[in-house]
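Convention: sequence-line order gives letters A, B, ...; per-chain numbering from 1. Remember, predicted model here, so these are calculated numbers, not experimental data.
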Number of protein chains: 2
Amino acid sequence: MTGWIEAATGLDRIEAAARRRLARLVPVTLDRGTALFHPGEAAKGFIVVLAGRIEVFLTGPSGRDILLYSVEAGGSCVQTTLGLLGGEDYTGEAVAATEVRAVLIPRADFLALMDTSPAFRGFVFTAFAERMQGMLHLLERVAFQRVESRLAAALLDRAEAGEVRATHQELATAIGSAREVVSRRLDAFARSGLVATERGSVILRDSTALARLAAVQD
Amino acid sequence: MTGWIEAATGLDRIEAAARRRLARLVPVTLDRGTALFHPGEAAKGFIVVLAGRIEVFLTGPSGRDILLYSVEAGGSCVQTTLGLLGGEDYTGEAVAATEVRAVLIPRADFLALMDTSPAFRGFVFTAFAERMQGMLHLLERVAFQRVESRLAAALLDRAEAGEVRATHQELATAIGSAREVVSRRLDAFARSGLVATERGSVILRDSTALARLAAVQD
DNA sequence: GGGGTTCTGTGACATGGTCACAGACAGGAC
DNA sequence: GTCCTGTCTGTGACCATGTCACAGAACCCC
């Protein structure tokens with residue numbers, strides 16, 4: 001029954017008593033595409049991701065949605081915590097972007113750990129603080145930066161070996177814009193030689209120029 | 001030296017030991033307009049507002065800025081906590097919107113209280129969760145709602161006896177838009193008989209209609 | 001009453017989001 | 001192979017919003 005705790009960055013130095021409590025929990029595997037929470041649903045516990053990636057979206061009434069953040073290995077889905085601490089329901093939606101291994105810490109255990117384990121508290125608080133920072137950044141970008149800049153940043157962020165495998169719609173969601181706008185921007189990038197586009201993927205041709213665009217202030 | 005703790009909603013039921021620690025701290029008074037934090041400055045401690053209102057803004061590179069949230073009596077300026085927990089500096093700016101009485105809990109005391117006082121932890125966590133919810137809401141509104149709707153909501157929110165004392169610029173900041181846009185919207189509202197405008201104030205004439213606009217989904 | 005400051009109004013323009021399509025591509029059925 | 005279907009992308013039109021450049025109006029302080 002040991003094993004998973006060591007894999008969770010930030011929990012590996014937890015106190016013995018807390019560790020015993022956590023060790024009873026069994027990780028689950030979620031298929032890619034599984035929705036963890038639907039809007040309006042109450043949180044059942046605190047989720048720690050061991051492997052894979054969960055993406056959390058905010059969905060607008062018109063169906064458009066925007067990527068709030070993604071949770072990678074070692075991270076926790078902080079949204080769920082809000083419910084545990086007495087907040088209202090949230091409108092977001094969490095979806096497994098890859099196959100995911102995760103542990104659900106039930107409400108009772110979560111609260112007990114918060115009271116007894118400084119290391120666990122630190123883990124939760126750090127996660128909280130990071131999300132908060134991330135959301136601030138997101139808000140800043142959405143409110144103040146142009147699509148061009150956000151798109152360049154998203155491309156650089158998601159590139160693997162100079163290629164981004166994503167549809168225009170996915171890119172649009174990631175930066176909180178609309179597909180058509182992304183299509184046009186990408187087209188403009190392509191005409192300037194910054195990228196080359198294919199169905200389902202974008203190949204970066206001039207990362208330096210993209211980085212310059214991403215850094216542009218306004 | 002007692003007195004202020006009772007005035008802080010959420011801290012009034014704190015444990016005796018923690019109370020003694022807090023009781024040593026002396027509230028300060030800040031004049032209206034005082035900046036609590038400038039961008040890039042490290043946080044000195046955890047701030048609890050006893051009276052008055054602090055407004056926290058996110059400032060864009062073009063000088064435009066948007067109201068992140070305001071902290072009223074009993075609330076704490078969570079932004080400052082991020083620094084205490086090892087986050088990066090933030091770009092926001094906190095300003096006393098009225099005369100403010102507040103207590104600064106120094107870093108060392110803050111960390112000690114977090115470790116020893118469940119009630120204090122609850123206070124901090126609740127504040128955190130509420131801010132998070134608020135920011136989510138803000139993001140949702142900025143990303144998905146039209147100016148018309150946000151403006152109507154802001155007017156209803158700030159009305160006192162059917163009147164909102166604020167300049168167009170202030171309203172624009174509150175909803176994350178530009179002054180000219182607010183001016184035009186208000187003009188449209190006025191032509192429809194929803195409000196009457198005067199220099200430095202807006203008088204609500206038809207709150208029902210405004211509420212309808214504020215509730216519009218898209 | 002004058003002069004400076006702040007607040008508001010307005011036109012012109014660029015960006016971005018929405019709508020309505022049409023075409024291009026992929027993958028399976030046959 | 002051809003056909004069918006669904007997904008992905010491209011395009012034009014239009015409206016909402018943000019930005020810039022001013023001008024005029026209201027307020028304040030001397």
Side-chain angles (χ1 to χ4, degrees), chain A residues 33 58-67 139-155 163-191 195-203 213 216-218, chain B residues 33 58-66 139-155 163-192 195-203 213 216-218:
Chain A
L58 185 62
T59 302
S62 59
R64 207 172 112 220
D65 51 19
I66 176 170
L67 178 64
L139 188 57
E140 194 170 6
R141 293 187 75 85
V142 169
F144 298 127
Q145 289 206 295
R146 17 185 61 206
V147 166
E148 187 179 60
S149 170
R150 283 185 274 155
L151 180 56
L155 288 175
E163 184 182 9
V164 178
R165 303 203 65 81
T167 66
H168 296 183
Q169 179 59 64
E170 285 165 352
L171 289 170
T173 293
I175 67 173
S177 179
R179 180 191 60 82
E180 299 91 318
V181 177
V182 168
S183 286
R184 283 168 184 139
R185 275 300 136 203
L186 282 177
D187 194 46
F189 283 175
R191 278 200 304 272
V195 304
T197 62
E198 284 174 18
R199 185 188 171 92
S201 100
V202 180
I203 294 110
L213 280 179
V216 162
Q217 289 302 307
D218 186 47
Chain B
L58 184 62
T59 302
S62 59
R64 204 172 115 220
D65 50 20
I66 176 170
L139 188 57
E140 194 171 6
R141 293 186 74 84
V142 169
F144 299 127
Q145 289 205 294
R146 20 186 54 202
V147 166
E148 186 179 61
S149 170
R150 284 185 274 154
L151 181 56
L155 288 175
E163 185 183 9
V164 177
R165 304 203 66 81
T167 65
H168 296 183
Q169 179 59 66
E170 285 164 352
L171 289 171
T173 292
I175 67 173
S177 179
R179 179 190 61 79
E180 298 93 319
V181 177
V182 168
S183 285
R184 284 169 185 139
R185 277 298 136 205
L186 282 177
D187 195 45
F189 284 175
R191 278 200 304 272
S192 312
V195 305
T197 62
E198 283 175 18
R199 186 188 168 91
S201 99
V202 180
I203 293 110
L213 280 179
V216 163
Q217 288 304 306
D218 186 46

Check: Can you tell me if the side-chain N/O atoms of A:His168 get under 4.0 Å from OP1 or OP2 in D:dG10?
Finding: yes
Next item on the list: Could you tell me the separation between the CZ atom of A:Arg185 and the CD atom of A:Glu148, rounded to the nearest 0.5 Å?
Entry: 5.5 Å
Check: Rounded to the nearest 0.5 Å, how far apart are CZ of B:Arg146 and CZ of B:Arg141?
Finding: 13.5 Å
Notebook entry, point to check: Quick one: B:Arg199 CZ to D:dC27 P, roughly how many Å, whole number?
Noted result: 6 Å
Check: If every non-hydrogen atom of A:Ser149 is compared with every non-hydrogen atom of A:Leu213, which pair is closest and at what distance?
Finding: OG-O, 3.3 Å
Next item on the list: Classify the nucleic acid contact of B:Arg184 as base, sugar-phosphate or nothing, counting any heavy atom under 4.0 Å across all strands shown.
Entry: base
Notebook entry, point to check: With a 3.5 Å cut-off and just heavy-atom distances, do the side chain of B:Arg146 and the base of D:dT17 make a donor-acceptor pair?
Noted result: no
Next item on the list: Starting at atom CG of A:Asp65, determine the distance to atom P of C:dG17, rounded to an integer number of angstrom.
Entry: 14 Å
Next item on the list: Among residues two or more places apart or on two chains, list those pairs meeting salt bridge (Lys or Arg N to Asp or Glu O under 4.0 Å) that have a residue in residues 166-175 of chain B.
Entry: none
Margin query: Could you tell me how far apart A:Leu213 (CG) and C:dT15 (P) are, to the nearest whole angstrom?
Written below: 13 Å
Item checked: Euclidean distance, B:Arg64 CZ relative to B:Thr59 OG1, rounded to 0.5 Å -> 11.5 Å
Next item on the list: Can you tell me the distance, in whole Å, between the CD atom of A:Gln145 and the P atom of D:dT19?
Entry: 13 Å
Margin query: Distance check, rounded to the nearest 0.5 Å: B:Asp187 atom CG versus B:Arg184 atom CZ?
Written below: 9.5 Å
Notebook entry, point to check: Hey, does the side chain of A:Arg150 reach the backbone of A:Gln145 with a donor-acceptor pair shorter than 3.5 angstrom?
Noted result: yes
Check: B:Arg150 CZ to D:dG18 P: how many Å, rounded?
Finding: 6 Å
Checklist line | DNA chain D-proximal residues of residues 170-183 of chain A, any heavy atom under 4.0 Å | finding: A:Arg179, A:Glu180, A:Ser183
Check: A:Asp187 has a side chain; which of D:dG6, C:dT8, D:dT11 sits nearest to it?
Finding: D:dT11
Notebook entry, point to check: How long is the line joining CZ of B:Arg64 and P of D:dT17, in whole Å?
Noted result: 12 Å
Next item on the list: Round to a whole Å and report the spacing from CD1 of A:Ile66 to C1' of C:dG17.
Entry: 13 Å
Margin query: Output the rounded distance in Å from CZ (A:Arg185) to C1' (C:dA14).
Written below: 10 Å
